[in-house]
Amino acid sequence: MRALVTGGAGFIGSHLVDRLANEGYEKVTVYDNFSSGREDFIQHHVGKGYFKLVRADLLDGDVIDRELKEGYDVVFHLAAIPDVRLGEKMPEISKIDILATYNLLDAMRKRDVKNIVFSSSSTVYGEAPPVPLKEDYGPLLPISVYGAAKLACEALISSFCHTFDMKGWIFRFANVVGSRSTHGVIFDFIKKLRKNPKELEILGNGKQKKSYLYISDCIDGMLFGFERSSDQINLFNLGTEGATEVNDIAKMVVEEMGLKDVKFRYTGGDRGWKGDVPRFQFNIEKIKSLGWKPKYESDEAVRKAIRDLLREI
Ligand code: NAD
């Protein structure tokens with residue numbers, strides 16, 4: 001198999017590249033503009049026969065078109081500006097990610113690359129009822145511009161697959177955590193506590209409760225779904241069934257850092273930022289029915305990720 005991974009130098013992308021290389025993919029190309037990706041995440045592949053790095057932006061339609069001309073069986077499309085919070089200050093992140101996805105799909109159509117695997121997000125569900133959500137829940141009305149962009153990209157992928165005889169695998173990820181992550185609540189708490197071990201600022205009231213998925217489970221689940229389903233569009237929630245409260249994450253980080261008497265200071269309100277969905281639970285029966293379930297539950301995923309990041313940052 002010959003695969004191109006957009007965003008392959010990022011947190012999730014670089015773990016996927018490791019896995020594809022281990023599984024003996026004939027060719028693994030990373031296509032990344034390094035806006036948040038890192039050289040050291042993929043350094044160990046450089047110079048290997050299967051590996052190629054294209055340092056470029058998906059906004060440059062000519063470069064992705066030229067690269068796909070080389071011949072690929074599948075594109076794993078993970079490139080995006082992944083910061084949900086940024087949307088409040090920079091709503092244009094939605095425009096950038098949608099255009100990047102359009103350019104990729106258009107190049108795939110022209111170069112006859114038939115399969116796309118996409119990293120979507122739970123944020124497409126918006127402020128939905130407090131029950132574990134299934135893939136067929138609707139109407140989908142995201143409350144963040146990030147979620148809106150993901151939903152628009154899902155729609156583009158579905159339309160290209162149906163119009164140009166392609167196949168798509170769309171995975172709506174929970175919060176993915178673990179080694180090499182460069183943003184998110186665990187990363188933030190560790191950074192803040194390293195700066196001031198006496199006090200921790202917590203965005204919102206700390207009662208936000210969401211599903212966390214460990215990185216190895218994310219990669220396993222994505223590849224499992226990709227290999228075991230073959231409809232024109234294959235849509236899966238990918239997360240854990242449980243959920244972890246922000247206050248508990250704060251306590252776990254404090255504990256793992258060996259700190260005592262840390263004062264928690266809340267910024268207030270029921271959510272961390274505009275566009276934050278404070279409570280979210282996934283129904284993952286669809287992927288479970290194919291025979292896959294995450295190895296680590298939400299709290300375990302958080303605990304493992306804290307330990308990973310304490311070693312790394
Ligand atoms: P990341 O920032 O580590 O990875 C994104 C990568 O895409 C980076 O390497 C970045 O340099 C690259 N990139 C961004 N825009 C690009 C462009 N226009 N052209 C080329 N490269 C570009 O983030 P991540 O956490 O690894 O996220 C990977 C994907 O999974 C993203 O699509 C993200 O939206 C999605 N996702 C992540 C989570 C999570 O919890 N981490 C949850 C849901 C969905």
Side-chain angles (χ1 to χ4, degrees), residues 10-12 14-15 36 38 40-41 81-90 121-123 127 130 132 143-144 146-147 173-218 238-282 294-313:
F11 160 44
I12 302 173
S14 63
H15 283 279
S36 55
R38 295 213 340 222
D40 53 319
F41 290 172
I81 300 164
D83 188 348
V84 189
R85 278 165 71 183
L86 201 60
E88 200 183 338
K89 291 198 184 82
M90 273 183 67
S121 150
S122 62
T123 55
E127 193 109 54
I143 61 164
S144 61
Y146 169 88
F173 294 165
N175 292 284
V176 185
V177 294
S179 162
R180 299 182 193 156
S181 89
T182 51
H183 52 270
V185 60
I186 299 173
F187 186 87
D188 269 8
F189 283 174
I190 293 176
K191 285 271 185 195
K192 282 178 180 165
L193 284 169
R194 287 249 163 91
K195 227 171 154 187
N196 180 2
K198 295 268 169 245
E199 185 180 274
L200 178 64
E201 181 199 62
I202 297 179
L203 302 182
N205 58 12
K207 296 203 164 76
Q208 305 94 305
K209 196 170 178 179
K210 305 177 196 182
S211 157
Y212 292 83
L213 179 69
Y214 193 62
I215 181 67
S216 55
D217 279 334
C218 174
L238 205 58
T240 44
E241 284 169 315
T244 309
E245 195 177 288
V246 167
N247 277 320
D248 292 327
I249 300 178
K251 284 182 208 150
M252 281 192 248
V253 173
V254 166
E255 210 175 280
E256 292 293 329
M257 288 178 80
L259 301 173
K260 293 231 154 34
D261 305 322
V262 179
K263 186 172 175 281
F264 291 171
R265 185 168 54 78
Y266 298 94
T267 60
D270 69 341
R271 60 195 73 213
W273 56 85
K274 273 212 175 111
D276 184 22
V277 177
R279 290 184 163 254
F280 187 79
Q281 250 178 291
F282 263 147
K295 198 164 160 198
Y296 304 104
E297 248 320 310
S298 189
D299 288 354
E300 289 176 287
V302 168
R303 178 79 68 180
K304 273 180 80 62
I306 294 169
R307 291 181 181 163
D308 288 346
L309 289 191
L310 283 174
R311 278 191 300 270
E312 286 176 9
I313 60 174

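When a residue number appears, it is its place in the shown sequence, counting from 1. Note: hydrogens, waters and symmetry copies are ignored here, and every other heavy atom, side chains too, is used.
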At their closest point, which heavy atom of [X] faces which heavy atom of [Y], and how far apart are they?
{"X": "N247", "Y": "Y266", "value": "OD1-OH, 2.7 Å"}
{"X": "F173", "Y": "C218", "value": "CZ-SG, 3.7 Å"}
{"X": "A174", "Y": "G239", "value": "CB-CA, 3.8 Å"}
{"X": "S216", "Y": "Y296", "value": "OG-CE1, 4.1 Å"}
{"X": "S144", "Y": "T123", "value": "OG-CB, 4.1 Å"}
{"X": "R85", "Y": "W273", "value": "CG-CD2, 3.0 Å"}

Look at [X] together with [Y] and state whether they make a salt bridge at an N to O cut-off of under 4.0 Å.
{"X": "R180", "Y": "E312", "result": "no"}
{"X": "E255", "Y": "R303", "result": "yes"}
{"X": "D217", "Y": "K304", "result": "no"}

How about [X] and [Y]: do any of their side-chain heavy atoms sit closer than 4.5 Å?
{"X": "M90", "Y": "I81", "value": "no"}
{"X": "L213", "Y": "P294", "value": "yes"}
{"X": "I306", "Y": "F189", "value": "no"}
{"X": "R194", "Y": "M257", "value": "yes"}
{"X": "D270", "Y": "K207", "value": "no"}
{"X": "S179", "Y": "R311", "value": "no"}

Quick check for you: to the nearest 0.5 Å, what is the distance between [X] atom [atom1] and [Y] atom [atom2]?
{"X": "I186", "Y": "L309", "atom1": "CD1", "atom2": "CG", "value": "6.5 Å"}
{"X": "K192", "Y": "E199", "atom1": "NZ", "atom2": "CD", "value": "10.0 Å"}
{"X": "R279", "Y": "R271", "atom1": "CZ", "atom2": "CZ", "value": "11.5 Å"}
{"X": "R265", "Y": "K198", "atom1": "CZ", "atom2": "NZ", "value": "15.5 Å"}
{"X": "I249", "Y": "L200", "atom1": "CD1", "atom2": "CG", "value": "11.0 Å"}
{"X": "K195", "Y": "L193", "atom1": "NZ", "atom2": "CG", "value": "12.0 Å"}

Item to check | Chi angles and distances behind the side-chain contact (heavy atoms from CB on, under 4.5 Å) call for F280, N175 | outcome: CA-CA 10 Å; F280 187 79; N175 292 284; over 6 Å; no
Under the 3.5 angstrom rule, does the side chain of [X] hit a backbone N or O of [Y] as a donor-acceptor pair?
{"X": "Q208", "Y": "V277", "result": "no"}
{"X": "D276", "Y": "G272", "result": "yes"}
{"X": "R38", "Y": "T182", "result": "no"}

Item to check | D261, CG: over 12 other non-hydrogen atoms inside 6.0 angstrom | outcome: no
Next on the checklist: Go through it in stages, so that I can follow the logic: the residues are K251 and D248, the test is salt bridge (Lys or Arg N to Asp or Glu O under 4.0 Å), and I'd like the CA-CA distance, side-chain angles, deciding distance and then a yes or no.
Outcome noted: CA-CA 5 Å; K251 284 182 208 150; D248 292 327; 3.7 Å; yes
Checklist entry - Run the side-chain hydrogen bond (donor to acceptor under 3.5 Å, both in side chains) check on T240 and S211 step by step: do they pass? => result CA-CA 6 Å; T240 44; S211 157; 2.9 Å; yes
Checklist entry - Hey, mind stepping through H183 and D83 against side-chain contact (heavy atoms from CB on, under 4.5 Å) and telling me if it holds? => result CA-CA 8 Å; H183 52 270; D83 188 348; 5.9 Å; no
